[in-house]
Every structure is written in C-alpha cells, then in structure tokens.
**Student:** 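Let me give you the structure first, and then I'll get to my questions.
It should be emphasised that the depicted structure is a prediction, and the values quoted were computed from it without experimental measurement.
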Amino acid sequence: MEESSDVYDAYNINNPNPCEDHQPHNVEDLVEVDCLRRKIKYYFMNPCEKYHARGRKPWKLVLQIVKIAIITIQLVSFGLSNQLVVTFKEESLMSFQHLFLKDFADGDIDTYALYRQADVYDHIEYIITQYGLLHNNTVGNLEYDRNGSSYTPLKLCQAFYRNGSINPGTETFEIDAQVETECLEVYPMHSLSPRDTLQNLKLYFKRMLSVTITFILKGINLQTVRYRELPDCYDFTVLITFNNHAHSGRIKVDLDADVNINECNEWKVNGASAKNLYLTVLFDCIIIITCITSSVLCTRSVIKGVLLMLEYVHHCNKHCGKDVPWSDKLEFVSGWYILIIFSDTLTITGSILKIEIQTKVLTSYDVCSIFLGLGTMFVWIGVIRYMGYFRKYNILIVTLRTAFPNVIRFICCAGIIYLSYLFCGWIVIGPYHEKFRSLNTGSECLFSLINGDDMFPTFKNMKQKSTLVWLFSRVYIYTFVSLFIYMILSLFITIITDTYYTIKQQQQSGVPTSELQRFLSVCTDLPKSGVYRLDQTNNCLISCCISRCKKRHERLTSEP
C-alpha cells in the first residue's frame with residue numbers, strides 16, 4: 001500500500017543539493033536532516049522494502065488482495081441475482097405488449113401506430129377486453145390490484161385542447177391552448193361489455209393530444225426459489241399511450257410499465273431454509289468490516305503523508321529559505337489512497353443496500369448496482385498501483401499521471417470545436433438526417449465518426465430533398481473527419497507519446513527531476529542496512545553516528 005520507490009532512488013550525479021548553501025552546520029541539525037531524509041525515504045518504500053527495512057509485514061497489501069477477492073465474489077453473486085430481476089421485468093413488459101396491443105409483433109414498438117379513427121376505437125376496446133379477460137388469457141402469475149376489498153380500476157384519460165375550430169381547407173383555425181382531461185374508469189370483473197362501457201366515449205381527434213390507459217397488475221417472481229432466495233412481489237403500473245401531439249395523422253402507440261418491487265406479505269417455501277440468506281448477510285457484513293479497516297488504514301497513511309509533508313516544508317523554509325512547489329507537496333498525498341478510501345465508501349454503502357435487499361427491507365436494485373459496480377471498478381483500478389513497483393510497468397502509471405494536465409487542457413480545446421460542429425449539424429442537418437435529429441444522437445454520431453465507425457451509412461442516409469443542405473452535409477462531414485481524425489486525434493496521440501519518451505529518458509538517465517528527489521538522493525541507506533530499525537526505536541542520533549562512521553571508514557580504507 002506504499003508508493004513506488006521512484007521518488008527516493010539514489011542518483012549518482014554531480015549536481016549540488018539545492019539547499020547546499022543553507023545546510024545546517026551544527027551536529028544536531030545535521031542529524032535532524034538525515035533523520036528527515038530517512039523518514040521520507042521510508043514513507044515512499046514499497047511493502048517489500050519496508051519489510052526489509054523494519055521487518056514490517058505488509059498487512060495492508062494482504063488486506064487489499066483479500067478485499068479484491070471477496071468484493072468480486074459479492075459483485076458476481078449480486079449480478080446473478082439482479083439478472084433474474086431484469087429478466088423478469090423485460091419479459092413481463094414483452095408479455096404486456098402481446099396481451100394488450102392488438103396484432104403486436106416483436107420489434108414493432110418503434111413503428112406501432114394508428115392512422116384511422118375506427119382503429120383507435122377498436123384498439124381501445126381491445127385493451128379493455130383483454131384487461132377483463134386477463135385470468136383466462138395470461139400464462140403468467142398476474143392478478144388485479146386491490147384497494148381494500150375492491151379492485152383498482154383501469155383508468156382511460158383523454159387530454160385535448162379546451163376549444164378549437166380547425167379548418168385546413170380554408171387555412172383558418174381558432175384554438176384555446178388550455179388543456180383539459182376527461183377520464184373514464186373501468187373495473188375488472190364488471191358486468192358491462194367493453195363496447196357498452198365505451199358507448200359514451202367521444203374522442204376529439206382534431207384537438208386531441210393523447211389518450212392514456214393506466215392500470216396496475218401484480219405478479220410474483222418465482223425464479224429465485226431455485227437459488228434458495230425469497231421471491232419478490234411486483235406491482236406493474238402499465239401505461240399505454242396514444243400519442244397525437246404532432247397532429248400529423250399518425251398516432252403512435254407505446255406501452256411502458258413502471259415496476260415497484262415489494263416484500264410479499266405472507267410466504268412459505270417448503271424444502272428450503274433461511275441458512276443461505278443468513279450466510280449471504282454474514283458475508284456482506286465481513287465485506288463491510290474489511291472495507292472499514294482498509295479505509296481506516298489508508299486514512300492513517302494519508303494523515304502520515306500530510307504530516308511528513310509539513311515537516312519537509314518546514315525544513316525547506318528553515319534551511320533553504322524557499323517554498324516547496326506544489327508538485328513536490330502532492331507527492332506526499334497519494335492519489336491511490338484517496339481512490340481506495342472512495343471505493344471503500346461506495347462498497348460499504350452498496351453492501352448495506354444489498355443486505356436490506358436480501359432481507360426485503362428495500363428493493364433499490366439499480367442504486368445498489370451503481371454503488372457496488374463503481375466500488376468494484378475502483379478497487380480493480382487500484383491494482384494498477386502494485387504494478388508500479390516494477391519499473392517497466394511503472395512507466396505507464398507515471399506517463400498517465402504526467403500527461404494528465406496536458407490531456408485535460410487539450411480535451412477542453414478540442415471539446416469546444418466538437419460542440420461547435422454538434423450544434424451546427426443539429427440545426428442544419430437534423431431535419432434531413434435521423435442521426436442528427438437530437439443533440440444526443442448527433443453527439444453519438446460524431447463520436448462514432450471520430451473512431452471511424454458508420455462513415456458510409458452517415459453519408460448515405462442523408463436525404464437529398466434539399467440540394468443546398470445535401471452539399472453542406474458533404475462539406476460538414478468531410479471537414480469534421482479530416483480535422484478530428486487526421487489532426488486533433490494525431491495531436492492527442494503525440495502528447496501521450498512525447499510524455500512517454502520524456503519519462504523514459506529520465507528513468508534511463510537517472511537524473512532527479514524535482515527538488516524532493518534531489519533532497520532524497522543524498523540518502524544512500526539501503527532498506528537492508530539496518531539503519532531504519534534504529535530509527536524505529538527513536539535513537540536517530542546513534543544511527544546517524546553509526547552511518548557516518550561507516551561511510552568515513554569506507555572512505556579511509558579506499559584511499560591509498
């Protein structure tokens with residue numbers, strides 16, 4: 001869990017120490033500076049080096065490895081359970097479409113529309129008929145919703161302009177923009193036929209905005225019984241919309257279902273026990289404890305780094321007479337620790353939600369999935385830091401960290417050009433091209449073009465109703481592709497490449513690139529020298545004397 005040793009490596013250079021003119025001259029100050037160097041050097045050691053230096057076992061490293069394993073197991077377990085929920089929702093929605101939409105076929109929801117008044121009445125009657133015959137038609141576990149002892153009715157509402165006189169032939173109209181709503185309730189198991197129920201229904205097609213049919217159905221997801229989990233009870237609020245907002249002669253029909261998952265009131269499962277549930281909750285509790293421990297240890301390391309940074313800043317102000325640059329200060333604040341603390345917080349929150357879902361207190365599957373997914377993602381990203389202990393792999397991490405500020409500035413500039421093309425394409429090409437019909441689809445189309453995808457379909461799908469716009473679209477797409485692929489994308493790659501070669505040359509030359517590295521380069525004590533064990537016993541003066549005596553003895557013996 002410690003930083004890579006790149007910061008404190010000893011360098012064989014002839015460059016003087018930046019604080020050489022302000023070096024302390026008395027013995028106590030010299031001892032204090034040497035101790036500070038070793039403290040900072042020890043802080044930046046990796047777990048193996050710390051073990052050789054002071055015999056400190058890498059408990060945080062072991063904890064992170066264990067945490068990655070158990071969090072991944074938790075995510076896979078929850079993902080399989082959540083997959084059953086998603087499957088049940090999607091297939092239930094498909095069942096409603098086939099049950100209540102007349103002559104519906106899979107894949108027709110985007111093009112399912114009506115064009116004649118008689119068809120609108122016919123489809124509304126069909127929906128009410130199928131709603132009344134639900135028990136005889138469906139093969140699923142569906143039931144009407146109850147409000148006490150009575151059923152909850154199906155509600156049919158028509159939204160329309162209050163008054164209006166529309167005459168396209170004479171190109172005249174008079175309209176009251178105030179929208180009114182008329183509703184009709186139909187109870188299931190009713191004695192009246194659907195045709196008699198709709199006898200007094202009149203649709204104002206010229207002024208009509210929409211017709212909505214809403215009803216609630218209940219169901220039980222029995223898939224989870226096979227996996228020794230308690231089934232959930234579902235409330236499906238089905239909404240069928242006849243959309244006539246465009247008044248174009250085409251009424252689009254859409255069916256959607258809002259799902260509410262509840263704990264079943266009474267349940268009994270024979271041949272199964274609650275042992276698996278208890279074990280799952282216990283496993284989640286172990287993960288919470290592990291993440292809390294990891295977060296506490298990382299927080300302690302962050303605090304130690306900040307205190308050490310303040311001590312180093314005080315030393316530079318006292319002996320060097322100058323401020324420490326922010327780049328050196330940030331070396332003491334490990335971004336990996338911050339990332340781990342953030343991921344632990346997400347995992348703890350997700351685990352608590354998962355326990356409540358398992359015990360049927362909550363049913364927030366989507367929220368829990370976001371927390372667990374982000375927590376696991378950041379935990380696995382944190383594994384990259386351990387690759388940094390190897391110099392060949394660490395060059396990737398250092399390159400990304402060094403190039404990050406330049407990349408952000410470059411993206412901001414390129415983003416301005418991207419947005420300018422997006423707004424221009426939306427307003428000019430949007431009426432003639434489906435991919436530019438909205439800002440969202442237009443952005444997706446441009447991003448695909450940057451990656452070289454869908455180039456030919458983008459050119460081909462442009463409608464040629466307007467020659468001027470068609471010619472404009474050709475110039476627009478050609479310039480966008482040329483600018484972003486051949487120039488901006490190449491410059492972006494160049495930034496990363498230049499940073500990579502700069503870092504590689506610095507590592508090969510071994511020249512310190514910061515004041516902090518020059519300060520630490522003076523300390524040549526290796527982890528196995530035993531000096532750090534003496535520092536651990538707060539006997540820094542003796543250790544410094546021993547170290548200086550060794551160096552003096554080696555220097556004397558090497559002289560002829």
**Student:** Within the 4.5 Å heavy-atom criterion, are F96 and L217 side-chain neighbours or not?
**Tutor:** yes
**Student:** Please determine whether side-chain contact (heavy atoms from CB on, under 4.5 Å) holds for the pair M455 and L449, giving the CA-CA distance in whole Å, both sets of side-chain angles, and the decisive distance to 0.1 Å.
**Tutor:** CA-CA 6 Å; M455 286 192 178; L449 290 176; 3.9 Å; yes
**Student:** Can a side-chain donor-acceptor contact be found between S443 and W426 if the only test is distance below 3.5 angstrom?
**Tutor:** no
**Student:** Distance from I40 atom CD1 to Y312 atom OH, nearest 0.5 Å?
**Tutor:** 6.5 Å
**Student:** Got a second to check how far I348's CD1 is from S343's OG, nearest 0.5 Å?
**Tutor:** 9.0 Å
**Student:** Can you establish whether the number of heavy atoms outside F410 located under 6.0 Å from its atom CZ is more than 12?
**Tutor:** yes
**Student:** Are T499 and N406 linked by a side-chain donor-acceptor pair shorter than 3.5 Å?
**Tutor:** no
**Student:** Do V407 and F492 have side chains that get closer than 4.5 Å, going by heavy atoms?
**Tutor:** yes
**Student:** To check you understand the geometry: which heavy-atom pair defines the closest contact between K39 and L308, and what is its length?
**Tutor:** O-CD2, 3.9 Å
**Student:** Assess whether atom CE of M377 is packed by more than 12 heavy atoms of other residues, nucleotides or ligands within 6.0 Å.
**Tutor:** yes
**Student:** Go through L483 and I488 one step at a time and tell me if the side-chain contact (heavy atoms from CB on, under 4.5 Å) criterion holds.
**Tutor:** CA-CA 6 Å; L483 180 63; I488 294 180; 4.0 Å; yes
**Student:** Given side-chain contact (heavy atoms from CB on, under 4.5 Å), test I381 with L339 step by step and report yes or no.
**Tutor:** CA-CA 9 Å; I381 291 176; L339 180 66; 4.0 Å; yes
**Student:** Using 0.5 Å steps for rounding, measure from the CD1 atom of I216 to the CG atom of L239.
**Tutor:** 11.5 Å
**Student:** For T237 and N260, what are the C-alpha separation, side-chain angles and deciding distance, and is it a side-chain hydrogen bond (donor to acceptor under 3.5 Å, both in side chains)?
**Tutor:** CA-CA 8 Å; T237 303; N260 186 24; over 6 Å; no
**Student:** Could you pull out the closest heavy-atom pair between L489 and I485, with the gap in Å?
**Tutor:** CB-O, 3.6 Å
**Student:** Closest heavy-atom contact between C368 and G350?
**Tutor:** SG-O, 3.4 Å
**Student:** So do the side chains of T299 and Y337 get within less than 4.5 Å of each other, counting heavy atoms only?
**Tutor:** no
**Student:** Show the nearest heavy-atom pair for residues C291 and T347, with the distance to one decimal.
**Tutor:** SG-CG2, 3.7 Å
**Student:** Quick one: which of T290, I288, I289 gives a side-chain contact (heavy atoms from CB on, under 4.5 Å) with I292?
**Tutor:** I288
**Student:** So, K435 and E444, do they make that salt bridge, N to O below 4.0 Å?
**Tutor:** no
**Student:** Can you say whether the rings of F484 and Y418 are parallel (under 30°), tilted (30 to 60°) or perpendicular (over 60°)?
**Tutor:** perpendicular
**Student:** Should S334 and V302 count as side-chain neighbours, where that means a heavy-atom distance under 4.5 Å?
**Tutor:** no
**Student:** For side-chain contact (heavy atoms from CB on, under 4.5 Å), just list the numbers for K354 and T280, CA-CA rounded to whole Å, side-chain angles, deciding distance to a tenth of an Å, and then say yes or no.
**Tutor:** CA-CA 10 Å; K354 183 174 180 292; T280 303; 3.4 Å; yes
**Student:** Determine whether a donor-acceptor pair (N or O, by modelled atom type, separation under 3.5 Å) exists between the side chain of S301 and the backbone of L297.
**Tutor:** yes
**Student:** Please check if any side-chain donor atom of T441 sits under 3.5 Å from a side-chain acceptor atom of S438, or the reverse.
**Tutor:** yes
**Student:** Would you indicate whether the side-chain heavy atoms of I338 and F342 approach each other to under 4.5 Å?
**Tutor:** no
**Student:** Taking atom SG of C233 and atom CG of N141, what is their separation to the nearest 0.5 Å?
**Tutor:** 10.5 Å
**Student:** Please indicate whether F236 has more than 12 foreign heavy atoms, meaning atoms of other residues, nucleotides or ligands, lying under 6.0 Å from its CZ.
**Tutor:** yes
**Student:** For Y421, run the ring pair (Phe, Tyr, Trp, His ring centres under 6.0 Å) check against F436, F480, F447 and tell me which one passes.
**Tutor:** F480
**Student:** Starting at CG of L374, measure out to OG1 of T345 and round the result to the nearest 0.5 Å.
**Tutor:** 12.0 Å
**Student:** Show the nearest heavy-atom pair for residues G305 and F332, with the distance to one decimal.
**Tutor:** O-CB, 3.4 Å
**Student:** Determine the minimum heavy-atom distance between S351 and I287, stating which atoms define it.
**Tutor:** OG-CG2, 3.8 Å
**Student:** Any side-chain donor paired with an acceptor under 3.5 Å for S294 and K67?
**Tutor:** yes
**Student:** So, D344 side chain and S295 main chain: donor-acceptor pair closer than 3.5 Å or not?
**Tutor:** yes
**Student:** Would you compute the distance between atom SG of C298 and atom CD1 of I340 and round it to the nearest 0.5 angstrom?
**Tutor:** 4.5 Å
